[in-house]
Amino acid sequence: MSRTALVTGATSGIGLEVARLLAAKGYRVLGTSRNPDTVAADRRIPGVEYLALDLADRDSVARCAEAAGAVDIVVNNAGESQSGPLEELPAEAVDRLFQTNVFGAVQLTQRLLPGMRARGYGRVVMVGSMLASFPLAYRGSYVAAKAALKGFASAARQELSPFGVWVSTVEPGSIATGIGERRTSYVADGSVYRRDFDTMIERLDANERSGIPPRRVAEVIVSAIEADKPREFYAVGSNAPVVFLLKRLLPVEFVSTAIARRHGLTR
Ligand SMILES: NC(=O)c1ccc[n+]([C@@H]2O[C@H](COP(=O)([O-])OP(=O)(O)OC[C@H]3O[C@@H](n4cnc5c(N)ncnc54)[C@H](OP(=O)(O)O)[C@@H]3O)[C@@H](O)[C@H]2O)c1
């Protein structure tokens, strides 16, 4: 009996590769898009069923869960990338980011959990970001949203694992998906932060362009799904093993300074 996997944001980057890999392995895959009827032919994977989902819209989340029916595996991958100095981030932008990257994923998962728990099997993967573990200037809203998602995941994992439902967070580093071109940006023209902001974005984009391919992240996500007892936390890209080891060994301020310097900021 093949398992059903719901992959949010299955039309690009990491989600596209997760959907491709799961479909190739024989899973029944439901992939989401805000516009499922207009998914380009080269992004449409044979066998994948496409559902509409806009995480920024609660009603859309409810309709997607309803349309999906019984789901064994959910990969909460879809997300918005956002940047801007704390002082200048519009409240509506922060609200939308948290609805999309945190509350939408949580609301979708809440609707799928009763079925997983009743069937005694479930896998929930939250796609976070290494930025949640290594905060970076002008990415505060994104950093905070990904940290919030990880918090939900780690707490829910303790609630759900006795029922055979395992919740994991996967934190990608820099991944070459082109996400930087879609990043929303909020900084005023005459902003006092403008020069540092532009420097940081330039470095960030360069890091993303030279990042690892999304397929590598998809392989980690699928290995988490297929583990008997998936781990609480995975990180992939940006030399994650070395970087996390250093984080454990070094004072927090040292690490923060190193992250800032890597993005052209002197602190
Ligand atoms: N790339 C990186 O370097 C990197 C690093 C760390 C973490 N991540 C995280 O990994 C995940 C995937 O990133 P990616 O680089 O693969 O991004 P991507 O290429 O931009 O793909 C994002 C996907 O999310 C969907 N999406 C966007 N806004 C949505 C919304 N409001 N509601 C529902 N779906 C929405 C898009 O689908 P439609 O446009 O078809 O709706 C698309 O399929 C994100 O959560 C991102 O934060 C990425």
Side-chain angles (χ1 to χ4, degrees), residues 6-21 29-40 42-45 48 50-65 74-83 93 95-108 125-136 139 141-150 153 169-184 201 203-218 220-221 234-238 240 243:
L6 176 62
V7 181
T8 69
T11 58
S12 175
I14 296 168
L16 176 67
E17 294 304 324
V18 172
R20 201 194 302 281
L21 208 48
V29 180
L30 310 174
T32 80
S33 167
R34 282 167 293 182
N35 303 296
D37 298 334
T38 58
V39 178
D42 61 340
R43 286 165 183 258
R44 197 169 269 281
I45 302 159
V48 171
Y50 291 91
L51 301 178
L53 172 66
D54 183 350
L55 288 162
D57 172 2
R58 269 186 195 220
D59 294 337
S60 169
V61 174
R63 283 194 299 273
C64 178
V74 59
V75 181
N76 285 299
N77 161 77
E80 174 182 336
S81 183
Q82 187 176 92
S83 59
D95 285 353
R96 186 192 63 245
L97 186 77
F98 270 72
Q99 175 56 40
T100 302
N101 286 14
V102 187
F103 305 138
V106 168
Q107 288 151 8
L108 182 65
V125 177
M126 301 297 196
V127 179
S129 167
M130 272 176 69
L131 285 179
S133 297
F134 299 93
L136 173 63
R139 301 303 314 276
S141 54
Y142 182 79
V143 165
K146 291 298 191 184
L149 196 59
K150 180 161 62 173
T169 300
V170 175
E171 285 192 350
S174 293
I175 317 298
T177 65
I179 194 174
E181 294 153 30
R182 296 176 281 285
R183 191 184 306 118
T184 50
I201 289 288
R203 297 288 183 100
L204 189 71
D205 285 345
N207 290 343
E208 275 170 14
R209 278 194 299 275
S210 61
I212 61 168
R215 173 83 179 191
R216 294 262 305 278
V217 185
V220 170
I221 291 172
Y234 300 78
V236 53
S238 299
V243 171

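When a ligand or atom number is given, it counts from 1 through the structure's own listing order.
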Can you find a heavy atom in the side chain of Y142 that is under 4.5 Å from one in the side chain of L131? yes
Would you tell me whether R34 and T11 have side-chain atoms, one donor and one acceptor, within less than 3.5 Å of each other? no
Is S174 in polar range of ligand 1, meaning some N or O pair under 3.5 Å apart? no
Is there a side-chain contact (heavy atoms from CB on, under 4.5 Å) between R139 and Q82 once you walk through the steps? CA-CA 7 Å; R139 301 303 314 276; Q82 187 176 92; 5.6 Å; no
Out of I175, T177, L149, indicate the one that has the non-hydrogen atom closest to atom 14 (P) of ligand 1. T177
Regarding ligand 1, does G15 bring an N or O atom to under 3.5 Å of one of the ligand's N or O atoms? no
Best match, P214, G13, G79: closest heavy atom to atom 22 (C) of ligand 1: G79
For atom 8 (N) of ligand 1, the protein heavy atom that lies nearest, with its residue and separation: Y142 OH, 3.5 Å
Is S12 close to ligand 1, meaning an N/O of one under 3.5 Å from an N/O of the other? yes
What I want to know is whether T32 and ligand 1 share at least one N or O pair that is separated by under 3.5 angstrom. no
In the protein, which heavy atom is nearest to atom 43 (O) of ligand 1, and how far is it? T11 OG1, 2.7 Å
Looking only at distances, please establish whether an N/O atom of ligand 1 is found under 3.5 Å from an N/O atom of L55. yes
Considering only the protein, which heavy-atom contact is closest to atom 20 (O) of ligand 1, and what is its distance? R182 NE, 2.8 Å
For atom 39 (O) of ligand 1, closest protein heavy-atom neighbour: R34 NH2, 2.9 Å
Check: of G173, A218, A52, min heavy-atom distance to atom 4 (C) of ligand 1 comes from G173
When you compare ligand 1 with P172, is there at least one nitrogen or oxygen pair between them that comes in under 3.5 angstrom? no
Just checking, any donor-acceptor pair under 3.5 angstrom between side chains of K146 and T169? no
Any salt bridge linking R216 with E17? Criterion: basic side-chain nitrogen under 4.0 Å from a carboxylate oxygen. no
Please determine whether side-chain contact (heavy atoms from CB on, under 4.5 Å) holds for the pair V243 and S238, giving the CA-CA distance in whole Å, both sets of side-chain angles, and the decisive distance to 0.1 Å. CA-CA 8 Å; V243 171; S238 299; 5.6 Å; no
Please state which protein non-hydrogen atom is closest to atom 12 (C) of ligand 1 and give its distance, to 0.1 Å? N77 OD1, 3.1 Å
Determine, for E208 against R183, whether the closest basic-nitrogen to carboxylate-oxygen distance falls under 4.0 angstrom. yes
Less than 4.5 Å apart, any side-chain heavy atom of E80 and any of R96? yes
Side chain, backbone, both or neither: which applies to M130 and ligand 1 if a contact is any heavy-atom pair less than 4.0 Å apart? neither
So which atom in I201 and which in S83 form the shortest heavy-atom distance, rounded to 0.1 Å? CD1-OG, 3.7 Å
Can R58 be said to sit on top of F103's aromatic six-ring, NZ or CZ under 6.0 Å from centre and within 45° of the ring axis? no
Please report whether ligand 1 has a polar contact with K146, defined as an N or O pair separated by less than 3.5 Å (distance criterion only). yes
